[in-house]
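Computed from heavy atoms alone, side chains included, the values below leave out hydrogens, waters and symmetry copies.
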Amino acid sequence: MRISAKVDYAIRAMAEMAIADEPITAQEIAAAQDLPLRYLLGILGDLRRTRLVQSQRGPEGGFSLARPADQIALADVFRALDGPLAEVHDLSLTTLEYKGPASDLRTVWLAVRASLRRVLETVTLADVAAGNLPADVLGLAEEYELAVADRPPSSRH
């Protein structure tokens with residue numbers, strides 16, 4: 001799975017909105033997260049169209065979350081901007097079939113999707129903004145960091 005800059009920037013921008021007491025301008029978000037303003041404006045437009053954020057015009061205007069941060073999972077942002085969490089050749093995993101020695105590959109792709117969902121559907125913007133990630137997510141991150149630390153520097157991806 002590749003996490004696009006668009007999704008990364010969107011989540012960072014939405015985390016800024018999650019801690020703001022009032023609408024926050026795109027310029028303020030861009031400065032706080034060191035994001036390119038023009039690109040951010042496009043992302044904010046996409047988030048507004050998918051009803052994850054709302055905008056308010058005028059001197060007190062800016063962007064805010066369309067619902068409470070604890071009700072927006074990271075998976076919601078991924079799906080709104082990039083589509084399904086994991087797909088193979090734009091096909092549904094439920095109808096995917098392989099033959100011969102590759103017949104169990106569908107099971108692997110289902111496990112990949114399930115593991116992504118396990119993380120991205122349980123972590124909310126409120127969790128990210130508060131620095132209060134679920135224990136199982138912290139455990140998975142620690143497990144990964146330990147595994148990477150044991151590898152030679154040339155294979156640490």
Side-chain angles (χ1 to χ4, degrees), residues 1-37 39-54 62-88 90-94 96 104-157:
M1 173 185 181
R2 180 179 176 274
I3 300 169
S4 68
K6 189 175 194 178
V7 168
D8 179 59
Y9 290 3
I11 292 171
R12 291 165 55 192
M14 294 174 78
E16 289 292 333
M17 290 177 224
I19 64 167
D21 294 328
E22 55 192 29
I24 183 171
T25 68
Q27 292 82 358
E28 292 170 320
I29 295 168
Q33 288 295 318
D34 195 27
L35 302 175
L37 179 59
Y39 192 51
L40 177 61
L41 287 168
I43 293 168
L44 292 171
D46 290 344
L47 292 171
R48 190 173 41 79
R49 281 188 286 287
T50 58
R51 295 190 168 101
L52 288 175
V53 304
Q54 55 195 9
F63 292 88
S64 59
L65 299 176
R67 51 186 201 257
D70 64 352
Q71 294 178 19
I72 302 174
L74 300 188
D76 297 330
V77 182
F78 272 85
R79 288 184 184 114
L81 298 177
D82 283 353
L85 295 179
E87 46 181 23
V88 178
D90 297 328
L91 300 171
S92 168
L93 293 182
T94 57
L96 198 59
D104 283 339
L105 191 53
R106 177 182 172 270
T107 303
V108 173
W109 298 151
L110 290 171
V112 167
R113 181 178 281 171
S115 64
L116 287 172
R117 289 178 69 177
R118 189 169 103 197
V119 173
L120 297 175
E121 288 183 354
T122 59
V123 178
T124 67
L125 287 171
D127 297 331
V128 172
N132 188 25
L133 299 177
D136 60 333
V137 171
L138 293 171
L140 286 169
E142 183 178 339
E143 179 183 314
Y144 176 82
E145 287 180 339
L146 290 172
V148 169
D150 291 340
R151 286 193 238 156
S154 62
S155 67
R156 291 184 183 176
H157 296 288

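- Interatomic distance, M14 CE to I43 CD1, rounded to the nearest 0.5 Å: 11.5 Å.
- Distance check: I19 CD1 to L65 CG gives 11.0 Å after rounding to the nearest 0.5 Å.
- When every heavy atom of L40 is checked against every heavy atom of A26, the shortest pair comes out as CD2-O, 3.5 Å.
- The number of heavy-atom neighbours closer than 6.0 Å to CZ of R67, taken from other residues, nucleotides and ligands shown, is above 12.
- The structure places CZ of R49 at 10.5 Å from CG of L44, a figure rounded to the nearest 0.5 Å.
- Smallest separation of non-hydrogen atoms from D76 and Q71: OD2-O, 4.0 Å.
- Separating the CE atom in M17 from the CG atom in L47 is a distance of 6.5 Å, to the nearest 0.5 Å.
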Can Y39 and L35 be said to form a side chain to side chain contact (heavy atoms under 4.5 Å, CB included), step by step?
CA-CA 8 Å; Y39 192 51; L35 302 175; over 6 Å; no
Start with the C-alpha gap between K6 and D46, add the side-chain angles, then the distance that decides, and say whether side chain to side chain contact (heavy atoms under 4.5 Å, CB included) holds.
CA-CA 10 Å; K6 189 175 194 178; D46 290 344; 2.8 Å; yes
Taking it one step at a time, do V108 and D104 satisfy side chain to side chain contact (heavy atoms under 4.5 Å, CB included)?
CA-CA 7 Å; V108 173; D104 283 339; 5.7 Å; no
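- With hydrogens and angles ignored, the 3.5 Å screen pairs a side-chain donor or acceptor of E28 with a backbone N or O of T25.
- Listed here is the closest heavy atom pair of L133 and L138: O-CD1, 3.7 Å.
- Between P23 and S64, the shortest heavy-atom contact is CA-CB, 4.4 Å.
- Taking CG from L52 and CG from L125, the interatomic distance works out to 8.5 Å, rounded to the nearest 0.5 Å.
- Closest of all the heavy-atom pairs between T122 and P134 is O-CG, 4.2 Å.
- One distance of note links CG of D8 with CD1 of I3; it measures 7.5 Å at 0.5 Å rounding.
- Of all the heavy atoms in A69 and T124, the pair that sits closest is O-CB, 3.6 Å.
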